[in-house]
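Just below is one structure, and these are the notes that go with it.
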Amino acid sequence: MRERLTNWAGNITFGARRLHRPESVAELRAVLAGADRLRVLGSGHSFNRLADTDGDLVSLAGLPRTVEIAPDRRSVRIDGGIRYGELAARLAAESLALHNMASLPHISVAGAVATATHGSGVRNGNLATAVSGLEILRADGSTAVLDRDHPDLAGAVVGLGALGVVTALTLDVVPAFELRQYVYENLPAAALDEHLDEILSAGYSVSLFTRWTGTDIDQVWLKRDAPLTGDLFGARPADGPRHPVPGMPTENCTGQGGVPGPWHERLPHFRMEFTPSSGEELQSEWHVPRTAGRAAIAAVTELRERVAAVLQVCEIRTIAADHLWLSPNHEQDSLALHFTWIADTDAVLPVVADLEKALAPHGARPHWGKIFTTAPSEVRGAYPRFGDFAALTRRFDPQGVFRNPWLDAVLDCSASLRGKTPGNR
Ligand SMILES: Cc1cc2nc3c(=O)[nH]c(=O)nc-3n(C[C@H](O)[C@H](O)[C@H](O)COP(=O)(O)OP(=O)(O)OC[C@H]3O[C@@H](n4cnc5c(N)ncnc54)[C@H](O)[C@@H]3O)c2cc1C
C-alpha cells in the first residue's frame, strides 16, 4: 500500500505517486528527467494544496547541506533543503544573523520564501526580501542563475514552486544581535485604537495575540534591544512565561521576561526542539495595507463571535513594503491578521469566507501557504505584477511540469478555489 503522505497539519493528503529524497543534485536531475509532473515539498508546513501533485514529489532535505558565507560576510549561499533552525545556528556560530524569522524555525528556507513567509516589525521586510540570488533547476535540465541585478529575480523569489526546483539561494546577512522578549497582558481595545502605530513600533518585532472572546488584546509580544519597565499603554507585564495559545506548554516558547538572548532564540516564538503553535490546527492569514489596519481590525471585531467559535488564537503583525511581484507586501507597508483555527475544515471554511468578505474592501491579500477561498480573479487583481509572473512561469516551464491544479486555478482562472475545488482539504 502507498505510504499516506500528509502536510504538517494533516489536513492535506498529497496525491503524489512517489516521494523522492535525492541525496545529490545529480540524483535530483535524474528524478526530474524522468518526471512529467513534479513538485518540491519543503517541510510541508503549508495548509493548502500548493505543494501537491499527482506526479512526483521531491524533498530536498537529503541534499548535502551548504552554508557558504561570502568573504565580505554580507551574504550566505545555502542549499534548497535547509531549514531556518539549522541555518540560524550555523550563522550565529559565525556571529552573523538573518534580519528576521517566522514564528517557527522548523520550516525550510526555500519553502518559506516561495510563499513570502514573514515575521514581524514595521521596518522588517518578509523573509523573501533577504534573497539576493536563486539557482533554479528547470524542467529542461538547465539551471537559471539569478543574481540581485537579474530582471527576473523580483518575480522568481516568491515563486510558489512554479518555476522549477530551487537548488540554492543566496541570502543577505547582518552582524549577530541580541534581543529581549517581553509579554504584556490585557491591552485595552481603546488603547489599541488610539495608539496602534506606537504599539506596533514599540519593538524590533511586535505581535498582538487575541482570542476575540472580548475586544481587548490578550497578549502583546515585544522583541527589542532596550530594556522596558512598567505598563504598556495599560497592558501589564506577564508574571511568568506565556504561550500564545492558552493552556499550551510555555517551554515550547523562546525566552521571555526581558532576558537578553541571541537573535535566533528570540525572533521565533517557538523553539526548534518543540511543537510549534498548538500542533492541531488550521491557519489563514490576510495582509492589508498598514494604513487600513485599524479599519481591518474593526471589521474582524464585528465578526468576533463567529471567529471566536472556531479560533485558537489570532495574531496581528506588521511587515515592511517590498518590490517582489507576488509578495503580499508588494509596494505596501502591511498589517497581517493571522488566524490559528481549530482543526475542523468544515467548521472553519464558512468563517474564512465571511472574513474574506469583510476584509476585501480593505485590500486584503491572502497568505499563499494558508487556507483561503478568495476567487482566483480577485487574488490576481490584488497583484499589479501578476500577469508578469504568469508569463515568467510560462517562460521557465513551457510544458507545465511544475504546475498543479492549485496553481492552474490561481494562474489561469480555469477553476475556482471555492467549495470543492483543489485547495484547502
Ligand atoms: C505552526 C506554523 C507556524 C507558521 N508560522 C508562520 C509565520 O510565522 N509566518 C508566516 O508567514 N507563515 C507561517 N507559517 C506558514 C509557513 O511558513 C509557510 O506555509 C511556508 O511556505 C512553509 O514552508 P515549508 O518549507 O514547509 O514549505 P512547503 O509547505 O513544503 O512548500 C511551500 C511551497 O514552496 C515550494 N518549495 C519548497 N521548497 C522548494 C524548492 N527547493 N524549490 C522550489 N519550490 C519549493 C513548494 O513546492 C510549495 O509550493 C506557519 C506554518 C505553521 C504550520
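Each ligand, and each atom within it, is numbered from 1 in the order the structure gives.
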Original post:
Would S201 and E198 count as having a side-chain donor-acceptor pair, cut-off 3.5 Å?
Top reply: no

**OP:** Could you tell me whether the side chains of Q283 and E285 share a donor-acceptor contact shorter than 3.5 Å?
**Re:** no

Original post:
Applying a heavy-atom distance cut-off of 4.0 Å, which protein residues contact ligand 1?
Top reply: W8, R39, V40, L41, G42, S43, G44, H45, S46, F47, L50, A51, L60, G80, A102, S103, L104, I107, S108, A110, G111, A112, A114, T115, T117, H118, L160, G161, G164, V165, V166, S277, Q283, R317, H367, G369, K370

**OP:** Report, as yes or no, whether the 6.0 Å neighbourhood of atom CZ on R65 holds more than 12 heavy atoms from other residues, nucleotides or ligands.
**Re:** yes

Original post:
Hey, which of R77, R74, R148 is the one that makes salt bridge (charged side-chain N to carboxylate O under 4.0 Å, His left out) with D172?
Top reply: R148

Original post:
Going by the angle between their ring planes, with limits at 30° and 60°, are H287 and H367 parallel, tilted or perpendicular?
Top reply: tilted

Original post:
Looking at F270 versus H243, is the centre-to-centre ring distance below 6.0 Å?
Top reply: yes

